[in-house]
Amino acid sequence: MASDFPLAGPSWKGTTMKAIELQSPGGLENLRMVERPMPEPGRQEMIVKVKATALNYRDAEIVRGSYHTKFALPLVPLSDGVGEVVAIGAEVSRFKIGDRVCGTFWQRWVGGSFAMAEPSYQRGGPIDGLLSEFARLDEQAAVLAPANLSDPEAATLPCAGVTAWHALFTEGSVKPGDTVLCLGTGGVSLFAVQFAAAAGARVIVTSSSDEKLARARQLGAQDGVNYRSVPDWASAVLGLTDGRGADHIIEVGGPQSFAQSLRAAARGAQINVIGYLGGSDGAINPLDIFRRQVRARGIPVGSRESFEAMNRAIVVNRLRPVIDRVVPWSRAAEAFRYLEHGSPFGKVVLDHTQ
């Protein structure tokens with residue numbers, strides 16, 4: 001039992017904390033604030049007081065009941081968050097009380113290839129997430145939060161930030177002078193804009209909003225294409241690159257946009273398949289992949305090793321995540337509605353101190 005191990009910090013045995021549970025699938029009305037037993041740390045575990053969490057579309061799908069995998073309920077949602085270490089169990093060596101840490105999405109993927117990731121250890125489903133006052137983390141499944149970021153900023157990193165980093169650097173090996181095409185202005189794409197620009201790459205962004213394209217340029221994008229006014233945005237990308245195309249594509253639209261991503265790709269380009277915001281139905285001509293010798297790969301977030309490398313780059317380059325809105329965590333349902341229907345520019349964050 002957790003209480004069998006020496007504990008640094010307070011013991012809360014018998015006390016409770018607040019958490020928000022998804023009690024049944026199918027909608028936001030099934031999110032409920034509940035009292036849960038206060039966790040205590042076991043061997044190589046620590047307890048963090050959660051300061052902020054961030055929403056991803058995966059979380060919204062889990063709450064709606066439309067995610068491709070079903071999880072046992074009740075479930076505490078959200079994989080992304082930051083907190084302060086307030087207690088540690090036996091043999092914890094990576095952190096100390098008072099450290100500010102982010103949990104990793106993949107709890108057991110420390111480094112190496114995706115073969116090291118275990119599907120049954122994903123934070124926010126199937127194991128409980130961070131939408132609570134306190135959370136228990138394995139010390140191997142956490143990283144120090146970048147010192148230059150606020151709690152709301154640091155909370156955005158575990159999924160969107162690591163996904164963009166893993167795609168462009170761990171897998172993609174982006175070089176100065178490469179062209180990076182980012183579809184849309186969601187969390188992953190905006191992280192990719194900043195990371196690629198910091199690495200000396202040329203960045204092109206697509207959006208349905210000229211205002212958002214202007215804001216993306218302020219983050220480091222060189223060019224923008226409004227896909228609402230220019231439906232054939234692949235041709236526009238080719239025009240911007242003198243017919244060469246993009247070397248790296250952050251593909252978040254799914255089959256509906258993938259065909260144009262292929263047309264916008266340079267020979268030997270890398271298409272990073274990250275999301276399916278445009279739906280999961282569509283057809284792809286494999287000859288387009290063959291003609292351009294394109295490499296298309298799924299990006300399943302990334303390892304702790306990628307997370308730590310990204311954090312070093314954030315500090316060195318003084319980068320700051322883009323946050324659209326911060327909402328008190330007790331109003332999580334409101335934040336989910338905004339994520340799905342408010343067309344946010346950047347991340348939607350929950351403040352656990354309010």
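For this chain, numbers begin at 1 and follow the sequence in order.
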Do other residues, nucleotides or ligands put more than 12 heavy atoms under 6.0 Å from the [atom1] atom of [X]?
X	atom1	value
Lys96	NZ	no
Arg297	CZ	yes
Arg267	CZ	no
Glu29	CD	yes
Lys49	NZ	yes

Backbone of [Y] reached by a side-chain donor or acceptor of [X] within 3.5 Å:
X	Y	answer
Thr156	Glu153	yes
Arg320	Asn148	yes
Glu171	Leu168	no
Arg325	Pro344	no
Lys51	Pro152	no
Glu40	Gly89	no
Asp80	Cys159	yes

For this session: Kindly indicate, with the supporting measurements, whether the criterion side chain to side chain contact (heavy atoms under 4.5 Å, CB included) is fulfilled by Thr185 and Arg215.
Result: CA-CA 9 Å; Thr185 54; Arg215 295 175 68 183; over 6 Å; no

When you group the ILVMFWY residues by side-chain heavy-atom contacts below 4.5 Å and let the links chain together, are [Y] and [X] in the same group?
X	Y	answer
Val162	Phe114	yes
Leu75	Tyr67	yes
Phe258	Val205	no
Leu213	Ile249	no
Met33	Leu28	yes

Atom of [X], atom of [Y] and distance for their closest heavy-atom approach:
X	Y	answer
Leu130	Val50	O-CG1, 3.7 Å
Ala196	Val203	CB-CG2, 3.7 Å
Pro158	Ser79	CB-O, 4.5 Å
Ile274	Ile299	CG1-CB, 3.9 Å
Pro41	Ile47	CD-CG1, 3.5 Å
Val101	Met46	CG2-CE, 4.2 Å

Exercise. Step by step, would you call Ile250 with Leu183 a side chain to side chain contact (heavy atoms under 4.5 Å, CB included)?
Worked result: CA-CA 6 Å; Ile250 300 298; Leu183 303 191; 5.9 Å; no

How far does [atom1] of [X] sit from [atom2] of [Y], to the nearest 0.5 angstrom?
X	Y	atom1	atom2	value
Cys182	Glu251	SG	CD	11.5 Å
Arg94	Ile88	CZ	CD1	13.0 Å
Leu55	Leu339	CG	CG	5.5 Å
Lys212	Arg217	NZ	CZ	15.0 Å
Phe336	Leu31	CZ	CG	6.0 Å
Trp329	Thr53	CH2	OG1	8.5 Å

Kindly indicate whether the side chain of [X], heavy atoms from C-beta on, has any atom under 4.5 Å from the side chain of [Y].
X	Y	answer
Phe345	Ser209	no
Arg58	Gln122	yes
Ser132	Met17	yes
Trp106	Val301	yes
Glu21	Leu131	no
Val322	Gln194	yes
Asn311	Cys102	no
Glu45	Val92	no

Problem set entry | Qualifying ring pair (Phe, Tyr, Trp, His ring centres under 6.0 Å) pairs with a residue from residues 208-256, counting only residues at least two apart or across chains |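 Passing the test, one end in residues 208-256: no pairs.
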
Exercise. Tell me, which pairs form a ring pair (Phe, Tyr, Trp, His ring centres under 6.0 Å) where one or both residues lie in residues 142-188, sequence neighbours left out?
Worked result: Trp109-His166, Trp165-Phe169, Trp165-Phe195

Exercise. Strictly by modelled atom types, are Thr179 and Thr241 linked by a side-chain donor-acceptor pair under 3.5 Å?
Worked result: no

For this session: Name all pairs fulfilling the side-chain hydrogen bond (donor to acceptor under 3.5 Å, both in side chains) condition that reach into residues 138-147, sequence neighbours left out, sorted by first residue then second.
Result: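 Applying side-chain hydrogen bond (donor to acceptor under 3.5 Å, both in side chains) to every pair that reaches into residues 138-147, excluding sequence neighbours, yields Gln140-Arg304.
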
For this session: Step by step, work out the side chain to side chain contact (heavy atoms under 4.5 Å, CB included) result for Thr163 and Phe191.
Result: CA-CA 9 Å; Thr163 296; Phe191 273 115; over 6 Å; no

May I ask you to decide whether [X] forms a salt bridge with [Y], counting only side-chain N to carboxylate O separations under 4.0 Å?
X	Y	result
Arg136	Asp128	no
Arg43	Glu91	yes
Asp232	Arg263	yes

For this session: Would you please test Asp151 and Arg100 for side chain to side chain contact (heavy atoms under 4.5 Å, CB included) and show each step?
Result: CA-CA 9 Å; Asp151 289 334; Arg100 200 170 59 121; 2.9 Å; yes

